[in-house]
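To start, the structure under review is shown below, and the notes come after it.
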There are 2 protein chains.
Amino acid sequence: MKRIADSTVRRLSVYLRFLEGSSQRGLTTVSSAELARHGGTTSAQVRKDLSFFGSFGKRGLGYSVPELTNSIRDILGLGREWNVVIVGAGKIGTALAQYDGFRPRGFHVVAVYDTDSGKVGTRWDGIVVRDFSQVARDLASQPIDIAVLAVPAEGAQDAVRRLVDAGVKAILNFAPVQLKVPPDVAVRSVNMAMELEGLSYELSSRAR
Amino acid sequence: MKRIADSTVRRLSVYLRFLEGSSQRGLTTVSSAELARHGGTTSAQVRKDLSFFGSFGKRGLGYSVPELTNSIRDILGLGREWNVVIVGAGKIGTALAQYDGFRPRGFHVVAVYDTDSGKVGTRWDGIVVRDFSQVARDLASQPIDIAVLAVPAEGAQDAVRRLVDAGVKAILNFAPVQLKVPPDVAVRSVNMAMELEGLSYELSSRAR
DNA sequence: TGGGGCTTGTGAAAGTATTCACAAAGTAGG
DNA sequence: CCTACTTTGTGAATACTTTCACAAGCCCCA
Ligand SMILES: NC(=O)c1ccc[n+]([C@@H]2O[C@H](COP(=O)([O-])OP(=O)(O)OC[C@H]3O[C@@H](n4cnc5c(N)ncnc54)[C@H](O)[C@@H]3O)[C@@H](O)[C@H]2O)c1
Ligand SMILES: NC(=O)c1ccc[n+]([C@@H]2O[C@H](COP(=O)([O-])OP(=O)(O)OC[C@H]3O[C@@H](n4cnc5c(N)ncnc54)[C@H](O)[C@@H]3O)[C@@H](O)[C@H]2O)c1
């Protein structure tokens, strides 16, 4: 099977979110043009994206909202719960642990880790902060799907090494560094400084 | 002048970060191959990226670290301070306002806004939380370059409308919605749920 | 001062992604 | 059942990005 472009997968997320909203507003069908308008793309793009995975619509009518919702959830692997740990109980780690937008989408934060003994043992919303040195032991008994990395840049690569050694296969990285991982580990990075710099570039290049 | 790809601008940020580290470690020159290794790309890509903006290296030798650092800073528009406001003093807005990684790169958080009267008037690190309804008045006296949007998804589009009306030309959006803005306003979105779904997709498609 | 070794800068080629455009398949209404 | 209309699914065309490959330029040392 052909490799699917990252941009396609991201758009599927966007379509899914719109479909969930449509369902709540009682819509039963939706056209590629409507999906496009809300996703900031074109109807041809929507149809092409979906066509990589199959044929989900009815010609002349559009897509059934519940059916397409289920199909995209399946494609994205959202038909199950994913166990997530947050590494780094600092400012951003705390915000993420307390965020209630992940659970409804199937991402379940099962633990928060830190190296600071002053933080280990505290708890928020029923999630205890555990000692990061125990992560390998913990993962042996409770399987983890995704680790969210929210530690300072200096410690990030070392923390990744330990997570990978413990068997983690997917990492969402907030530290502003380029992580090195084996090819069987998936990484996505959120780099806010980079986004701000992108805006800075746009503002500057427009002025020119 | 030809439009520069987004991916190129992002890589420039990555190169810049590595150059800053190199400078601290006392290096005076660096080759495209070294930049590539740390940026997770290829040396040809590095040279091509830079070639869009000029010719910065010395053949046979590489790039002067301080000169290339300055050149990239210039390209990205980082030769000045940018005034930033954060809209939404919730979990993520608080983390961002207290984050100390933005100031050294020239992004200066000058205000935080919220609509919740219980939060308005409180202050962290010398930044007072102001009433969002006053944003237009405030911006008239103090110019703002970038607004960081950290409000719930439902309120995001309306907040954007008000910011755009007040003259804001760049927005970094954390709400999981596709914002609609006029063409002269730059938007970047950080959508964490989408990143997690991307990881979910990768994990699932590998298993298949 | 000239040659060997290295690295840049860049057209051209290859590879990806998006857009076009239209046949095919469906709906709706008489 | 037939006609007019809508919207999908998809090859082909276009646009964009990355990789290749090599001449040109510069350093260093003999
Ligand atoms: N706060 C933000 O808004 C923000 C924005 C952009 C990027 N980031 C990035 O996110 C990361 C975290 O930022 P923050 O502001 O939350 O920092 P922070 O200093 O508030 O928190 C970092 C936490 O990580 C813990 N830690 C350190 N090393 C660790 C390790 N090896 N294992 C486990 N825990 C460890 C520390 O004890 C601390 O509690 C940084 O890389 C930062 O650059 C943060
Ligand atoms: N917290 C996270 O880790 C996280 C992760 C991903 C995405 N997000 C997104 O970031 C946004 C904020 O999330 P949060 O967890 O900080 O929420 P929150 O509820 O903690 O904070 C939202 C804040 O925005 C304020 N607000 C509401 N409407 C406003 C308006 N029109 N103008 C100004 N302020 C307004 C509220 O009073 C509140 O203080 C949401 O869209 C959320 O989906 C948050």
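First the proteins, then the strands, lettered A, B, ... as listed; each starts at 1. Values reported hereafter were calculated over all heavy atoms of this structure, with side chains retained and with hydrogens, waters and symmetry mates removed.
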Legend entry - Minimum-distance nucleotide (side-chain atoms of B:A44 versus D:dC20, D:dG11, D:dT18):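 The listed nucleotide nearest to B:A44's side chain is D:dC20.
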Legend entry - Partner set under side-chain hydrogen bond (donor to acceptor under 3.5 Å, both in side chains) for A:D131, not counting sequence neighbours: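 For A:D131, the residues satisfying side-chain hydrogen bond (donor to acceptor under 3.5 Å, both in side chains) (neighbours in sequence not counted) are A:S133.
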Inset, instruction - Can you sort out the partners of B:D158 under side-chain hydrogen bond (donor to acceptor under 3.5 Å, both in side chains), two or more places apart, ordered by chain and number? - result: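 side-chain hydrogen bond (donor to acceptor under 3.5 Å, both in side chains) check on B:D158 returns B:R161.
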Can you pull the salt bridge (charged side-chain N to carboxylate O under 4.0 Å, His left out) pairs that have at least one residue in [range], sequence neighbours excluded?
range	result
residues 58-78 of chain A	A:E20-A:R73
residues 172-189 of chain A	A:D6-A:R188, A:K169-A:D184, A:R188-B:E195
residues 89-98 of chain A	none
residues 133-142 of chain B	B:R130-B:D138

Legend entry - Opening and closing nucleotides of DNA chain C in contact with chain B, under 4.0 Å to non-hydrogen atoms: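 Contact boundaries, 5' end first: C:dC6 to C:dA12.
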Legend entry - Test salt bridge (charged side-chain N to carboxylate O under 4.0 Å, His left out) applied to A:K119 - qualifying residues, sequence neighbours left out: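 A:K119 satisfies salt bridge (charged side-chain N to carboxylate O under 4.0 Å, His left out) with no residue once adjacent residues are dropped.
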Legend entry - Annotated protein contacts, base or backbone, on nucleotides 22-30 of chain D with a non-hydrogen cut-off under 4.0 Å, one of B, S, - each: -BBBBS---
Nucleotides 14-16 of chain D: which of its N/O atoms have a protein N/O under 3.5 Å away?
none

Inset, instruction - Would you tell me if any nitrogen or oxygen in the side chain of B:Q45 comes within less than 4.0 Å of OP1 or OP2 on D:dT17? - result: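 Answer is no, no contact under 4.0 Å.
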Legend entry - Side chain proximity check, B:N173 to B:N191, heavy atoms < 4.5 angstrom: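 SC-SC contact between B:N173 and B:N191 ruled out.
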Legend entry - Residue pairs passing the ring pair (Phe, Tyr, Trp, His ring centres under 6.0 Å) test where at least one lies in residues 31-61 of chain B, sequence neighbours excluded: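 Checked against ring pair (Phe, Tyr, Trp, His ring centres under 6.0 Å) - neighbours excluded - the pairs reaching residues 31-61 of chain B are B:F18-B:H38.
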Tabulated below should be each protein N or O lying under 3.5 Å from an N or O of nucleotides 3-5 of chain D; please produce it.
none

Inset, instruction - Flag yes if more than 12 heavy atoms outside A:Q142 fall under 6.0 Å of its CD atom; otherwise flag no. - result: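 Atom CD in A:Q142 is crowded, with more than 12 foreign heavy atoms closer than 6.0 Å.
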